[in-house]
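Along the sequence shown, residues carry numbers from 1. As the structure lists them, so they are numbered: ligands from 1, and atoms in each ligand from 1.
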Amino acid sequence: MFFEIVIAVIIGALAYMKWINTYWKRHGVYQLEPDLFFGNIRKTILGKTSLSAGILEHYNEFKAANIKNGGIYHFMNPMYMPIDPGTIKNILLKDFNHFVNRGSFHTKEDLLSMNLFNIEDETWRNLRAKVTPTFTSSKMKLVFETLVDKTKNLEKVFGNYADSAEPCSIKDLLGRFTTDVIASFGFGIECNSLEDSENIFRKVGKKVLEPSLVRYFLMSVVNWKLLGLLNYKRGGIKASNFFIGLIRDAIKQRECHGVYRKDFVQLMLEQKKPGNTNENSKTISEKSNGVPKPAITDDEITAQCCVFFIAGFETSSTVMTFTLLELAQNQDIQIKLREEIEAVLEAHDGKLTYEAVSEMKYLEMIISEALRKYPPVPNLSRICNKRYEVPGTDIVIEKGIRVQIPIFGIQRDPEYYPNPEVFNPENFSEENKAKRPDFTFLPFGDGPRKCIALRFGMLQAKVGVLSLVKNFDFKLNNRTVLPLEVDKTSSIMSLRGDVWMDVKRIS
Ligand code: HEM
């Protein structure tokens with residue numbers, strides 16, 4: 001009898017899974033055939049394909065079937081995947097009110113999870129308005145000098161390699177550089193992991209970002225409220241306490257000891273001052289019990305500084321690594337870039353100013369092309385919070401259904417980028433940009449929920465790359481194992497092995 005019951009349960013479960021996997025068919029949407037339990041992500045979950053390669057595969061299957069938008073499954077969760085730029089524009093921008101959230105893990109008990117990336121609806125809108133003034137172009141001008149200052153260490157370390165004629169691993173060095181930048185801007189500390197790779201900030205930071213199947217499973221399957229009650233912290237209890245302690249100290253230093261630094265902590269603290277107004281923040285004049293509410297609280301600042309680290313460190317080092325990799329393999333592009341840098345600096349009396357960087361158009365084209373060919377974030381997520389009829393179709397996206405926008409597929413599509421495997425900065429000439437439909441270049445996302453630090457991300461990559469190319473010549477060293485492989489365990493599009501370079505000073 002027991003045996004019969006077990007068999008019946010197994011058959012019932014299998015039938016249920018099969019039925020779940022027909023969600024899109026039942027809703028009149030073209031779907032890619034899923035595997036049982038894994039849905040369409042078996043190869044990615046089992047580490048056989050990288051996330052980006054998996055996305056490209058799905059995109060190309062829809063494209064080959066001449067389908068504009070289709071359905072896939074992550075395990076047994078139906079996901080809508082639009083590949084038509086018009087539909088993508090509607091979801092990210094025009095009909096944003098149906099797709100405000102990402103559906104990512106956050107609980108009040110895990111303070112650091114209450115950050116801009118994760119939080120939802122009105123809480124997100126209010127906080128976004130409070131944090132937006134930190135990243136305006138005038139604020140970028142303010143932090144520019146500190147950023148240039150940070151590149152001095154980078155130049156020094158690369159100079160040591162050049163002088164010793166030893167090859168250097170650029171992926172590791174650039175990771176340390178962006179760690180130092182974000183530690184300085186986001187936490188107000190000088191950690192100098194460029195010269196001290198065992199630095200505690202770098203060690204804890206790397207640990208927080210390590211991919212974990214257990215974490216992914218917990219957050220996808222277990223109720224978040226229950227995780228909160230169990231005191232679950234996404235980054236681990238030790239790392240959470242470490243980061244919270246750092247920010248609280250930084251805030252105390254500024255408020256009690258009058259320390260002033262040109263960084264994000266300071267810029268957000270400015271939003272706390274009574275009487276501070278900015279056109280983006282409606283909450284500033286809000287009152288509770290007749291007492292004006294602070295525009296931003298210490299807990300909110302703490303959670304944001306931490307997400308700046310998580311969202312900013314690896315994305316930025318990755319784009320710089322891929323840029324240098326391509327420059328080393330395309331010497332003509334590297335030489336042309338150096339010529340531009342020299343010409344613009346000469347016109348600015350040799351001074352590296354914010355305005356000078358803005359005039360380096362070829363540099364902008366190169367970084368954009370690196371972001372096109374290797375978008376650090378290969379897909380965007382949204383969750384439908386209000387029933388949505390996809391314009392021009394009979395398709396209805398129901399509340400609770402997730403949407404995945406395949407950035408990597410779009411940016412490798414020959415319809416928009418001829419020879420997409422070739423690194424070609426001319427893809428970003430004014431003429432070629434004008435030929436492409438909108439919403440076909442999405443490395444920072446788009447719409448109200450796009451990357452809040454787009455300007456800073458671009459500036460950091462530009463200043464880092466230009467300070468290196470101005471001073472050094474880069475060639476690929478034969479210790480680099482080609483073809484390079486993308487890390488199959490990472491949600492960021494980063495390289496698996498090291499990228500070894502020979503570096504020579506420009507005489
Ligand atoms: C080249 C570097 C970077 C890239 C490619 C990048 C890319 C992205 C992307 C694709 C998103 C999701 C956008 C969407 O869903 O539409 C995002 C969101 C975000 N990024 Fe970045 N990012 C970069 C650097 C940074 C840096 C340096 C910071 C912080 C200092 C940062 C902070 C954030 C935050 C807070 C969000 C969430 C915004 C919100 O939901 O309101 N990013 N980023």
Side-chain angles (χ1 to χ4, degrees), residues 52 55 88-89 91-93 96 99-104 106 112-121 123-132 134-135 139-140 143 147 150 174-175 177-187 263-265 267-268 280 300-301 303-323 364 367-368 370-383 402-408 410-411 439 441-465 491-494:
S52 49
I55 290 166
I88 293 174
K89 183 175 181 175
I91 289 176
L92 292 181
L93 182 66
F96 175 73
F99 301 97
V100 179
N101 306 320
R102 295 197 177 89
S104 40
H106 60 286
L112 300 187
S113 73
M114 295 302 287
N115 64 55
L116 266 183
F117 198 88
N118 299 335
I119 57 173
E120 305 193 329
D121 303 315
T123 323
W124 167 77
R125 281 183 213 275
N126 281 332
L127 191 63
R128 176 98 189 189
K130 293 176 199 174
V131 182
T132 296
T134 306
F135 294 99
K139 299 291 167 42
M140 291 303 103
V143 297
L147 186 57
K150 293 268 123 209
L174 294 171
F177 166 66
T178 55
T179 302
D180 288 353
V181 170
I182 210 72
S184 173
F185 282 98
F187 292 80
D263 59 22
F264 300 146
V265 183
L267 292 173
M268 284 192 283
N280 296 308
E300 284 174 335
I301 294 180
Q304 302 338 298
C305 289
C306 209
V307 76
F308 293 166
F309 173 70
I310 294 170
F313 131 76
E314 207 178 354
T315 45
S316 303
S317 70
T318 298
V319 66
M320 290 170 67
T321 304
F322 279 117
T323 305
E364 166 115 18
I367 304 285
S368 300
L371 284 165
R372 194 269 315 159
K373 194 171 168 195
Y374 312 101
V377 183
N379 64 321
L380 301 176
S381 304
R382 294 290 186 271
I383 188 161
R402 288 171 183 265
V403 176
Q404 189 182 65
I405 293 165
I407 304 183
F408 190 68
I410 298 163
Q411 295 186 177
F439 287 72
F441 181 59
L442 296 165
F444 294 97
D446 213 320
R449 202 124 198 193
K450 71 178 174 212
C451 177
I452 195 163
L454 184 158
R455 283 195 187 90
F456 183 75
M458 278 304 274
L459 192 64
Q460 179 179 200
K462 282 183 187 177
V463 172
V465 167
S491 54
I492 297 276
M493 193 184 171
S494 63

Among all protein heavy atoms, pick the one closest to [atom] and tell me residue, atom and distance.
atom: atom 37 (C) of ligand 1; answer: F117 CD1, 3.5 Å
atom: atom 39 (C) of ligand 1; answer: R128 NH1, 3.3 Å
atom: atom 5 (C) of ligand 1; answer: P443 O, 3.6 Å
atom: atom 12 (C) of ligand 1; answer: R102 NH2, 3.6 Å

| query | Does the gap between the ring centers of F264 and F135 come in under 6.0 Å? | reply | yes
| query | Can we call the ring centroids of F185 and F456 under 6.0 Å apart? | reply | yes
| message | The criterion is side chain to side chain donor-acceptor pair (under 3.5 Å); which residues satisfy it with S113, sequence neighbours excluded? | response | none
| note | Residues passing the side chain to side chain donor-acceptor pair (under 3.5 Å) test with K139, sequence neighbours excluded, are none
Heavy-atom contacts with [X] under 4.0 Å: which atoms of ligand 1 show up? List them by number with element.
X: D446; result: 16 (O)
X: F456; result: 27 (C)
X: W124; result: 39 (C), 40 (O), 41 (O)

Using distance alone, determine whether [X] and ligand 1 share an N or O pair under 3.5 Å.
X: S381; answer: no
X: R382; answer: yes
X: S316; answer: no

| message | Tell me which pairs pass salt bridge (Lys or Arg N to Asp or Glu O under 4.0 Å) where either residue lies in residues 443-463, with sequence neighbours left out. | response | E364-K462
| note | Within less than 2.8 Å of atom 21 (Fe) of ligand 1, the count of protein N, O or S atoms comes to 1
